[in-house]
Amino acid sequence: MTLKNTLSKYLLTGIVIFALATGKSYAGGFPVRPGRISLSPSATYFFANKAWDADSHKGAFANNGKFSSWSYSLYSEVGLSRRFTLSVLAPYVMNTFSTDLGTSKSSGFQDLEVGIRYYLANINYKYYFSLQGTAILPMYTNTALGYNQKGAELKLAFAGSGHLFGKNSFFILENGVREYFGYESVFQDRYNATYGLTLDKKFREQISLSVGGFYATSINKDFNVNPSASKNFAFNQVSLSYGHAFAKNLSLFLTGGTFVTGRNTGAGTSFSASLNYRIDTK
């Protein structure tokens with residue numbers, strides 16, 4: 001195998017690791033009031049130098065391989081009515097994979113996601129059930145940046161609030177099934193559970209713990225990531241987040257996460273920072 005092909009193989013592997021690690025559930029299952037626009041720019045750093053094989057055995061990348069990546073994204077959600085919201089996610093990534101043999105890089109926009117969320121029901125305006133459909137549209141032709149296939153996702157969420165140890169608390173449970181269409185298509189199950197506490201009476205400080213992961217299956221079982229590879233994998237991760245509200249409409253969130261189990265994927269750690277800015281037009 002040539003140096004170029006070797007680096008490309010590992011870079012592609014790293015890209016899918018990073019894409020999975022930085023998947024987010026931005027607004028969760030809570031309603032967005034009609035006329036409200038929520039904007040969330042974010043930056044995420046991811047690093048990995050180990051991977052799980054097809055039998056879930058973890059080991060280092062060959063030739064002292066190290067993968068690192070920066071991802072920048074803009075998420076927006078608009079309250080259309082009491083029942084419907086519109087969301088848009090646009091991500092951009094900068095990836096680097098280095099080994100003793102050399103270094104390879106890739107950067108560019110990834111998949112544009114456009115979704116419609118419908119709030120099915122609520123219990124005493126305290127617990128909310130919602131269903132979201134999302135269209136996935138690639139914004140690239142370089143297959144090093146993703147599958148380069150159109151897709152669709154259907155996600156069900158349950159969210160609510162309460163009290164724990166005298167503190168206001170909240171939870172979000174989500175499960176989304178996603179299909180990428182085309183040659184050797186991929187089916188994914190993406191799941192996440194978050195529990196958080198508000199630390200002060202003015203609702204300015206909060207912490208939350210999330211447990212989530214992915215399960216993907218395809219007829220292609222190879223451990224690669226170009227559009228005909230790395231389509232059969234699984235992993236679970238744990239994340240801890242801290243949030244601070246500077247004002248009623250402006251908040252900062254800092255998050256750290258790590259993979260705890262996996263199969264046919266990388267083992268890495270991520271750190272992210274995101275702002276949430278809300279504009280009420282009504």
Side-chain angles (χ1 to χ4, degrees), residues 16 18-34 36-38 40 42 71 73-91 109-123 127-140 145-160 170-195 210-220 225 227 230-237 239 257 263-265:
V16 84
F18 179 72
L20 300 178
T22 56
K24 300 180 181 66
S25 300
Y26 289 85
F30 289 99
V32 176
R33 69 172 60 181
R36 170 168 288 181
I37 302 173
S38 179
S40 298
S42 66
S71 173
S73 65
L74 178 62
Y75 176 84
S76 178
E77 187 164 10
V78 181
L80 302 177
S81 68
R82 294 176 64 88
R83 292 276 188 175
F84 288 95
T85 65
L86 170 68
S87 64
V88 179
L89 172 65
F109 287 100
Q110 292 186 297
D111 293 326
L112 179 70
E113 299 186 12
V114 181
I116 293 289
R117 181 177 308 199
Y118 176 69
Y119 291 93
L120 299 167
N122 73 80
I123 302 175
Y127 304 102
Y128 298 90
F129 299 87
S130 64
L131 184 67
Q132 179 171 329
T134 300
I136 303 164
L137 306 170
M139 297 188 291
Y140 52 89
L145 297 173
Y147 296 140
N148 194 25
Q149 293 178 336
K150 295 179 181 179
E153 182 183 69
L154 192 64
K155 180 191 296 182
L156 181 65
F158 175 45
F170 67 91
F171 69 86
I172 303 169
L173 303 175
E174 296 177 301
N175 193 84
V177 291
R178 176 175 295 205
E179 180 81 17
Y180 288 91
F181 308 111
Y183 177 67
E184 295 183 343
S185 61
V186 185
F187 173 82
Q188 294 181 349
D189 184 3
R190 303 177 173 213
Y191 46 90
N192 185 76
T194 298
Y195 189 85
S210 296
V211 178
F214 283 61
Y215 171 81
T217 184
S218 171
I219 62 173
N220 189 318
V225 183
S230 198
K231 297 183 175 184
N232 188 79
F233 59 89
F235 75 85
N236 290 288
Q237 64 178 339
S239 302
R263 175 182 56 80
N264 260 4
T265 190

Colleague: Closest heavy-atom contact between G160 and F30?
Modeller: O-CZ, 3.3 Å
Colleague: Any side-chain heavy atom of R263 within less than 4.5 Å of one from N232?
Modeller: yes
Colleague: Rounded at 0.5 Å granularity, tell me how far OG1 in T85 sits from CD1 in I37.
Modeller: 12.5 Å
Colleague: Once rounded to the nearest 0.5 Å, what's the spacing between atom OG of S73 and atom CD of E113?
Modeller: 10.0 Å
Colleague: Among side-chain atoms of Q132 and T134, is any donor-acceptor pair under 3.5 angstrom?
Modeller: yes
Colleague: Quick one: list whatever passes side chain to side chain contact (heavy atoms under 4.5 Å, CB included) with V211, sequence neighbours left out.
Modeller: V238
Colleague: Do K150 and Y180 have side chains that approach each other closer than 4.5 Å (heavy atoms only, starting at C-beta)?
Modeller: no
Colleague: Between M139 and F109, which heavy-atom pair has the shortest distance, and what is it?
Modeller: CE-CB, 3.7 Å
Colleague: Among all residues two or more places apart in sequence or in another chain, which pass the side chain to side chain contact (heavy atoms under 4.5 Å, CB included) test with S81?
Modeller: R83, F84
Colleague: ring-ring contact (aromatic ring centres under 6.0 Å, His included) with F158: which residues, sequence neighbours excluded?
Modeller: F129, F171
Colleague: Could you give me the CA-CA distance, side-chain angles and deciding distance for V114 and L89, then say whether side-chain contact (heavy atoms from CB on, under 4.5 Å) is met?
Modeller: CA-CA 7 Å; V114 181; L89 172 65; over 6 Å; no
Colleague: To the nearest 0.5 Å, what is the distance between OG on S87 and CD1 on I116?
Modeller: 7.5 Å
Colleague: So R190 and E153, do their side chains get closer than 4.5 Å, heavy atoms only?
Modeller: yes
Colleague: Could you tell me which residues satisfy side chain to side chain contact (heavy atoms under 4.5 Å, CB included) with D189, sequence neighbours excluded, listed by chain and number?
Modeller: N175, V177, Y191, Y215
Colleague: For L112 versus A90, what's the shortest heavy-atom pair and its separation?
Modeller: CD1-CB, 4.1 Å
Colleague: Ignoring hydrogens and angles, state whether a donor on the side chain of S239 or S210 is under 3.5 Å from an acceptor on the partner side chain.
Modeller: no
Colleague: Which atom pair, heavy atoms only, marks the closest approach of S130 to L156?
Modeller: O-CD1, 3.2 Å
Colleague: Quick one: ring-ring contact (aromatic ring centres under 6.0 Å, His included) partners of F187, sequence neighbours excluded?
Modeller: none
Colleague: Applying ring-ring contact (aromatic ring centres under 6.0 Å, His included), can you list everything that pairs with Y140, at least two apart in sequence or on another chain?
Modeller: none
Colleague: Please round to the nearest 0.5 Å and tell me the distance separating atom CD of Q110 and atom CG of L137.
Modeller: 14.0 Å
Colleague: Just so I know, are the side chains of D111 and Y147 near enough to count as touching, which here means a heavy-atom distance under 4.5 Å?
Modeller: no
Colleague: What is the minimum heavy-atom distance between A216 and V186, and which atoms define it?
Modeller: CB-CG1, 4.2 Å
Colleague: Find out whether R82 and P31 are in side-chain contact, i.e. whether some heavy atom of one side chain is under 4.5 Å from a heavy atom of the other.
Modeller: no
Colleague: With distance as the sole criterion, is a donor-acceptor pair present between the side chains of E179 and S185 under 3.5 Å?
Modeller: yes
Colleague: Roughly how far, to the nearest 0.5 Å, is the CG atom of N236 from the CZ atom of F214?
Modeller: 11.0 Å
Colleague: About how many Å separate OG1 of T265 and CZ of F233, when rounded to the nearest 0.5 Å?
Modeller: 6.5 Å
